[in-house]
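Only heavy atoms go into these numbers, but all of them, side chains included; no hydrogens, no water, no symmetry mates.
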Amino acid sequence: MQDVFQGGKEGSEPLRCRPPAVATTQVDNDAMRVVRWDFPPGAETGWHRHGWAYVVVPVTDGEMLLELPGGKTATASITAGVSYERPPGAEHNVVNSGTKPFSFVEIELKAFPG
C-alpha cells in the first residue's frame, strides 16, 4: 500500500472516536489502484498521505471535512458524477461532515508517484 497512515503516532493526532469509512479495493495492478470509499455520517478515512496522483469520482453527493497538516481544516462538497484530481503527496483525513452517507471511487495512478 503506497499511502502512509500516520494516526497512532504519539503526539501526532488527537484521539478520535469516529467510525472508519469502508474501503473496498476493486482493482490493484501495476498501473493503478481503484478503491470505492463508503462513508456513513461521521466516518473518516484516518490520516494518510497519497503516494500517487489520483482521481476521485463521486458516486453520491456529500459534504466533507478535510483535516489538513498543521491543524488546518477545509470543507468541500462533492457531486455525483463530477470528478476531480489531486497531485501525489496530498495529506489529509477525510470526514463525512454531513447527515447522509456518501461514496466515491478513488483511482490512484501508479505511474505518477510523489
Side-chain angles (χ1 to χ4, degrees):
M1 180 174 204
Q2 184 72 5
D3 289 346
V4 178
F5 290 88
Q6 298 175 344
K9 280 176 132 177
E10 187 173 302
S12 66
E13 288 288 314
L15 181 61
R16 292 188 178 79
C17 295
R18 294 180 182 139
V22 177
T24 305
T25 301
Q26 297 178 338
V27 175
D28 193 353
N29 59 37
D30 291 341
M32 70 186 73
R33 180 170 56 200
V34 178
V35 177
R36 179 183 168 126
W37 285 92
D38 292 293
F39 290 78
E44 69 179 352
T45 57
W47 187 260
H48 61 283
R49 178 183 183 278
H50 287 270
W52 300 297
Y54 64 102
V55 175
V56 173
V57 183
V59 175
T60 61
D61 296 349
E63 299 297 322
M64 297 188 299
L65 168 68
L66 303 169
E67 296 177 335
L68 305 168
K72 296 179 184 177
T73 62
T75 59
S77 296
I78 58 172
T79 303
V82 179
S83 303
Y84 62 90
E85 57 86 24
R86 295 287 182 261
E91 294 183 55
H92 53 225
N93 179 31
V94 179
V95 182
N96 179 348
S97 59
T99 59
K100 297 180 181 178
F102 72 77
S103 301
F104 59 74
V105 174
E106 180 178 87
I107 304 161
E108 296 176 294
L109 306 170
K110 295 180 179 181
F112 299 97

Exercise. Are more than 12 heavy atoms from other residues, nucleotides or ligands located less than 6.0 Å from atom OH of Tyr84?
Worked result: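 Yes, enclosed.
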
Minimum side-chain heavy-atom gap [X]-[Y] below 4.5 Å:
X      : Y     : answer
Val94  : Leu66 : yes
Met32  : Val27 : yes
Glu108 : Asp28 : no

Can you name the closest pair of heavy atoms from [X] and [Y] and give their distance?
X      : Y      : answer
Phe102 : Ile78  : CD1-CD1, 3.6 Å
Arg33  : Trp52  : NH2-CZ3, 3.3 Å
Asn96  : Lys100 : ND2-O, 2.9 Å
Ala21  : Trp37  : CB-CE3, 3.8 Å
Val55  : Ser83  : CG1-CB, 4.3 Å
Gly98  : Pro41  : O-CB, 3.7 Å

Exercise. For Thr60, does its backbone N or O pair with a side-chain atom of Ser103 as donor and acceptor, under 3.5 Å?
Worked result: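 Flag not set: sc Ser103 to bb Thr60 has no pair under 3.5 Å.
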
For this session: Mark yes or no for whether His92, through its side chain, and Trp47, through its backbone, hold a donor-acceptor pair below 3.5 Å.
Result: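 Side chain of His92 to backbone of Trp47: no pair is present.
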
Exercise. Roughly how far, to the nearest 0.5 Å, is CE of Met64 from CG of Asn93?
Worked result: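 Output value for this atom pair is 11.5 Å.
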
For this session: Hey, could you give me the CG/CD distance between Leu109 and Glu85, rounded to the nearest 0.5 Å?
Result: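 Reported value, rounded in 0.5 Å steps: 9.5 Å.
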
Problem set entry | With Arg36 via salt bridge (Lys or Arg N to Asp or Glu O under 4.0 Å) - residues at least two apart |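 For Arg36, the residues satisfying salt bridge (Lys or Arg N to Asp or Glu O under 4.0 Å) (neighbours in sequence not counted) are Asp38.
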
For this session: Only pairs at least two apart or in different chains count here, so list each ring pair (Phe, Tyr, Trp, His ring centres under 6.0 Å) that has a residue in residues 53-83.
Result: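 Passing the test, one end in residues 53-83: His50-Tyr54.
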
For this session: Answer yes if Phe112 and Val34 sit in the same cluster of Ile, Leu, Val, Met, Phe, Trp and Tyr residues linked by side chain heavy atoms under 4.5 Å apart, and no otherwise.
Result: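 In one cluster with Phe112: Val34, yes.
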
For this session: Check side chain to side chain contact (heavy atoms under 4.5 Å, CB included) between Ser77 and all other residues, then give those that pass, not counting sequence neighbours.
Result: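 Only Glu63 meet the side chain to side chain contact (heavy atoms under 4.5 Å, CB included) criterion with Ser77.
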
